[in-house]
Amino acid sequence: MIGIIFDMDGVVYRGDKAIEGSRELVNFLKEKDIPFIFLTNNSTKTPRAYRKKLLEMGIDVPEDRIITSGLATRLYMRKHAEPGRIFVIGGEGLYEEMKKLGWGTVSLEECRKGRWKEIKHVVVGLDLILTYEKLKYATLAIRNGARFIGTNPDTTYPAEEGLYPGAGAIIAALRASTDVEPLIIGKPNEPAYEIAKEKLGNAGEIWMIGDRLDTDVAFAKRFGMKAVMVLTGVSTLEDVEKSPAKPDLVLPSVEELVGYLRTVQEEKT
């Protein structure tokens, strides 16, 4: 049985606009009982918020089929990290996931009073209201021994106007100011794969549908998945030619994926 992992930004939508064919693709997968999940490196929203966003585009995906790098970070920390107060650089989705750990967070106001010394974990995702002050206290905490965790390595993300700075750009600033290498949770790393594989259950063959060579295609190649790249996001055909990691299939968009899946299913029956 085929199981499918979809990236979201640049694959299913750009900004708040659905990519042509994405609604029809999800309906086809449900009709044919093909297991799938949405796995995004973006941590700014919770799975519930992403479900709402998708519904507004006419795409109906159950909440438990949506995995964010924020959710993956919480699950990883629950299993592998020692409890301790957390300083978050990121959006509301990441804050909510960290609060669910129940370990306590340290606010900027507390940092200003010297309580940055209590921080045990600095967790960094995409932050659309990033300030120098946040970077300052994160740097102080990491240099004071706090564990440095990044939700994902994406240096950019695709939006309606073009490419915007991503979480990886913020992580790079802190790496430069601390000389500390962070633990990265999201694609193309193992914590994200463990959660995705568990969600897909008994799928014998897993396809990764993404738009980035450095995360999606690298993720697929690292864990033995079929790499399908679409050209509606970050990476281009020119990038593919230069890259050592080659996708197994390149499609203009997810609109063409339904026809390809039909062909594959016919060949298997």
Side-chain angles (χ1 to χ4, degrees), residues 8-9 38-53 63-64 66-154 157 165-175 177-178 180-187 189-192 194-196 198-199:
M8 296 174 72
D9 295 310
F38 283 18
L39 176 61
T40 177
N41 267 358
N42 194 326
S43 63
T44 56
K45 294 181 174 64
T46 62
R48 179 174 295 180
Y50 272 116
R51 170 168 163 73
K52 183 174 181 291
K53 175 174 180 168
E63 186 179 330
D64 68 355
I66 301 170
I67 302 168
T68 69
S69 62
L71 169 61
T73 299
R74 171 169 64 85
L75 294 175
Y76 179 89
M77 290 177 70
R78 173 79 70 195
K79 189 173 181 180
H80 299 286
E82 290 187 9
R85 297 189 72 192
I86 305 163
F87 184 69
V88 181
I89 292 180
E92 187 60 33
L94 185 56
Y95 274 97
E96 287 194 28
E97 296 294 354
M98 293 299 99
K99 286 175 185 174
K100 287 178 183 176
L101 281 172
W103 299 353
T105 58
V106 179
S107 68
L108 266 179
E109 186 60 36
E110 289 176 301
C111 285
R112 293 175 190 134
K113 295 175 181 176
R115 298 188 69 179
W116 56 266
K117 295 174 184 176
E118 299 174 16
I119 296 167
K120 298 300 181 188
H121 307 280
V122 174
V123 179
V124 183
L126 176 61
D127 191 329
L128 301 180
I129 51 171
L130 178 69
T131 64
Y132 180 84
E133 190 177 31
K134 291 179 183 180
L135 291 174
K136 178 182 76 174
Y137 287 120
T139 296
L140 287 168
I142 293 167
R143 285 188 169 274
N144 192 49
R147 193 174 191 191
F148 181 12
I149 299 174
T151 59
N152 72 88
D154 299 33
Y157 74 96
I170 301 171
I171 290 166
L174 289 171
R175 185 189 287 114
S177 65
T178 63
V180 173
E181 210 45 52
L183 168 70
I184 304 293
I185 301 295
K187 297 173 294 181
N189 298 307
E190 190 170 2
E194 286 179 359
I195 296 164
E198 184 179 335
K199 285 280 187 182

Any donor-acceptor pair under 3.5 Å from [X] side chain to [Y] backbone:
X: Glu97; Y: Leu94; result: no
X: Lys199; Y: Asp64; result: yes
X: His121; Y: Pro83; result: no
X: Arg85; Y: Thr105; result: yes
X: Arg143; Y: Ser177; result: yes
X: Tyr157; Y: Asp9; result: no
X: Arg74; Y: Leu101; result: no
X: Lys187; Y: Leu39; result: yes

Give, for atom [atom1] of [X] and atom [atom2] of [Y], the distance between the pair rounded to the nearest 0.5 Å.
X: Cys111; Y: Tyr137; atom1: SG; atom2: OH; result: 6.5 Å
X: Thr151; Y: Asp154; atom1: OG1; atom2: CG; result: 8.5 Å
X: His80; Y: Leu75; atom1: NE2; atom2: CG; result: 10.0 Å
X: Ile66; Y: Lys53; atom1: CD1; atom2: NZ; result: 11.0 Å
X: Ile89; Y: Ile170; atom1: CD1; atom2: CD1; result: 7.0 Å
X: Leu71; Y: Glu96; atom1: CG; atom2: CD; result: 12.0 Å

Side chains of [X] and [Y] in contact at under 4.5 Å (non-hydrogen atoms):
X: Ile185; Y: Asn152; value: no
X: Leu108; Y: Lys134; value: yes
X: Thr73; Y: Ile149; value: yes

**Request:** Would you check, one step at a time, whether the test side chain to side chain contact (heavy atoms under 4.5 Å, CB included) holds for Leu183 with Phe148?
**Result:** CA-CA 6 Å; Leu183 168 70; Phe148 181 12; over 6 Å; no
Do you know which two heavy atoms are closest between [X] and [Y], and how far apart they sit?
X: Ala138; Y: Val122; answer: CB-CG1, 3.9 Å
X: Met77; Y: Trp103; answer: O-CH2, 3.4 Å
X: Ala167; Y: Gly125; answer: CB-C, 3.6 Å
X: Ser69; Y: Asn41; answer: OG-O, 2.7 Å
X: Pro182; Y: Gly150; answer: CB-N, 4.4 Å
X: Thr68; Y: Thr46; answer: CG2-C, 4.3 Å

Are there over 12 heavy-atom neighbours, none belonging to [X], within less than 6.0 Å of that residue's [atom1]?
X: Arg78; atom1: CZ; value: yes
X: Lys120; atom1: NZ; value: no
X: Glu198; atom1: CD; value: no
X: Lys117; atom1: NZ; value: no
X: Ile129; atom1: CD1; value: no

**Asked** Please walk me through it: do Asn144 and Trp116 pass side chain to side chain contact (heavy atoms under 4.5 Å, CB included)?
**Response** CA-CA 9 Å; Asn144 192 49; Trp116 56 266; 3.9 Å; yes
Salt bridge check: are [X] and [Y] linked by an N-O gap of less than 4.0 Å?
X: Arg175; Y: Glu181; result: yes
X: Glu133; Y: Arg112; result: yes
X: Glu63; Y: Arg51; result: no
X: Glu118; Y: Arg115; result: yes

**Prompt:** After noting the C-alpha distance and the side-chain angles of Ile86 and Val106, does the key distance pass the side chain to side chain contact (heavy atoms under 4.5 Å, CB included) rule?
**Reply:** CA-CA 6 Å; Ile86 305 163; Val106 179; over 6 Å; no
**Asked** Between Asn42 and Tyr50, does a side chain to side chain contact (heavy atoms under 4.5 Å, CB included) hold up when you go through it step by step?
**Response** CA-CA 10 Å; Asn42 194 326; Tyr50 272 116; 3.1 Å; yes
